[in-house]
Amino acid sequence: MKTKVFFAMMLATVLTLQSAGQDNEKRFGVEFSLGASMAVQKLDDVTLNPGFGGEGIFHYRFMPHLGAYGGWGWNRFGAEESFAGNNVSFEETGYVLGLQYKRAFTQKGTAWYVRAGGLYNHIETENSDGDVINNSGHGLGWQLAGGFDFPLGKNWSLTPGVKFNSLKREPEFDGVTRTFNHNYASVRFGILKRF
């Protein structure tokens, strides 16, 4: 037990010392992004139309180039024909939590970033009137993302990027279990405020 406490204290000390020598760049940030999404495979036997979505995430940088991020996202895909009827939509919503590595490649602070995180999302099926006719329940998935950070001044940045989400759920429709392997790529345009 004493060994675990010792190593935990050493790790905390190293992280504190390393962060003390960092430049004056802000540690926290809030980012909002919107953009188009494209399914890379069918959802069960349903061909999904191109979709749209957004994400709001909170950043915390705990090392010079490494930080954590977490937030909430939403993506909507329509389908003209499906086992759930015609003109339905499939909306994926939920939470993301992960790590971000960011590194500047110009003197003016322009940077590139990569992210890897876990999802805790669900998929709602809505009819043509917008009523929820099925909810898959929340489950675990994953996200990979990358992009650029273009400083605008006064701690603001534009953050265009791409991401890939993967979520597997098995909802039941009229007594039949369906397999949703919801895999899609997104192009996002965001704005980040650091504080």
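Computed over heavy atoms, backbone and side chain alike; hydrogens, waters and symmetry mates excluded.
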Between CD on residue Glu170 and CG on residue Asp44, distance to nearest 0.5 Å: 10.0 Å
Would you mind checking if Glu55 and Lys163 are paired as a salt bridge, meaning a charged N to carboxylate O distance below 4.0 Å? yes
Euclidean distance, Phe180 CZ relative to Asn134 CG, rounded to 0.5 Å: 6.5 Å
Suppose we call two aromatic rings close when their centres sit under 6.0 Å apart. Are Phe83 and Phe173 close by that rule? yes
Phe58 and Leu66: same hydrophobic cluster, using ILVMFWY side-chain contacts below 4.5 Å? yes
Heavy-atom neighbours of Tyr95 OH exceed 12 at 6.0 Å: no
Looking at Gly78, is its backbone amide N or carbonyl O close enough to the side chain of Ser89 to form a donor-acceptor pair, meaning the two atoms are under 3.5 Å apart? no
Determine whether Ile133 and Val46 fall in the same hydrophobic cluster, where Ile, Leu, Val, Met, Phe, Trp and Tyr are linked whenever their side-chain heavy atoms lie under 4.5 Å apart. no
Hey, does the side chain of Asp129 reach the backbone of Asp131 with a donor-acceptor pair shorter than 3.5 angstrom? no
Determine whether Leu158 and Phe189 satisfy the following criterion, side-chain contact (heavy atoms from CB on, under 4.5 Å), listing intermediate values before the conclusion. CA-CA 7 Å; Leu158 289 178; Phe189 296 95; over 6 Å; no
How many angstroms lie between atom CZ of Arg76 and atom CZ of Phe90, to the nearest 0.5 angstrom? 10.5 Å
Going by atom types alone, do Ser157 and Asp149 pair a side-chain donor with an acceptor below 3.5 Å? yes
Do you know which two heavy atoms are closest between Ala111 and Lys102, and how far apart they sit? CB-CG, 3.7 Å
Grouping I, L, V, M, F, W and Y whenever their side-chain heavy atoms are under 4.5 Å apart, do Leu192 and Val162 come out in a common cluster? no
Give the minimum heavy-atom separation between Gly139 and Leu167, together with the two atoms involved. O-CD1, 3.6 Å
Side-chain heavy atoms nearer than 4.5 Å, only ILVMFWY residues, links allowed to pass through others: does that put Ile57 and Val114 together? no
Donor + acceptor pair across side chains of Gln41, Tyr184 (<3.5 Å): no
Neighbour count above 12 (heavy atom, 6.0 Å) for Asp174 CG: no
Could you state the interatomic distance from OG1 (Thr125) to CG (Asn135), rounded to the nearest 0.5 Å? 8.5 Å
Tell me whether the centres of the aromatic rings in Phe77 and Phe52 are closer together than 6.0 Å. no
Are Glu81 and Lys42 ion-paired here, with the side-chain N under 4.0 Å from a carboxylate O? no
Residues His182 and Ser166: side-chain donor-acceptor under 3.5 angstrom: no
Apply side-chain contact (heavy atoms from CB on, under 4.5 Å) to Arg115 and Tyr69, showing your working. CA-CA 9 Å; Arg115 297 175 182 160; Tyr69 72 99; 3.6 Å; yes
Evaluate the criterion side-chain contact (heavy atoms from CB on, under 4.5 Å) for residue pair Ile191 and Trp156; output intermediate values, then yes/no. CA-CA 7 Å; Ile191 188 158; Trp156 288 90; 3.8 Å; yes
Which atoms form the tightest heavy-atom contact between Arg188 and Ser33, and what is the distance? CD-OG, 3.8 Å
Compare every heavy atom of Ala116 with every heavy atom of Leu144, then report the nearest pair and how far apart it is. CD2-CB, 3.9 Å
Ignoring hydrogens and geometry, is there a side-chain-to-backbone donor-acceptor pair from Asn181 to Leu43 under 3.5 Å? no
Could you check whether Phe28 and Tyr60 have their ring centres less than 6.0 Å apart? yes
Looking at CG of Asn87 and OG of Ser128, how far apart are the two atoms once the value is rounded to the nearest 0.5 Å? 6.0 Å
Any chance you could lay out the side-chain hydrogen bond (donor to acceptor under 3.5 Å, both in side chains) test for Ser37 and Asn75, step after step, and finish with the verdict? CA-CA 8 Å; Ser37 301; Asn75 280 279; 2.8 Å; yes
Please tell me whether Leu34 and Trp74 are part of a single hydrophobic cluster in this structure, the criterion being side-chain heavy atoms less than 4.5 Å apart. yes
Which heavy atom in Met63 sits nearest to a heavy atom in Arg61, and how many Å separate them? O-CG, 2.9 Å
Quick one: do the Glu92 and His122 side chains pair a donor with an acceptor below 3.5 Å? no
Evaluate Asn155 against Lys193 for side-chain contact (heavy atoms from CB on, under 4.5 Å), listing each step before the verdict. CA-CA 6 Å; Asn155 298 314; Lys193 169 64 174 169; 4.0 Å; yes
Using ring centroids (six-membered ring only for Trp), state whether Trp72 and Tyr120 fall under 6.0 Å. no
Quick one: pull up CD in Glu91 and CG in Asn121 and give me the separation to the nearest 0.5 Å. 12.5 Å
Distance-minimising heavy-atom pair for Val88 and Ser82: CG2-OG, 3.3 Å
Quick one about Thr159 and Glu31 (side-chain donor to acceptor, distance below 3.5 Å, no hydrogens or angles considered), yes or no? yes
So, applying ring-ring contact (aromatic ring centres under 6.0 Å, His included) with Tyr101, which one of Phe62, Trp112, Tyr113 is it? Trp112
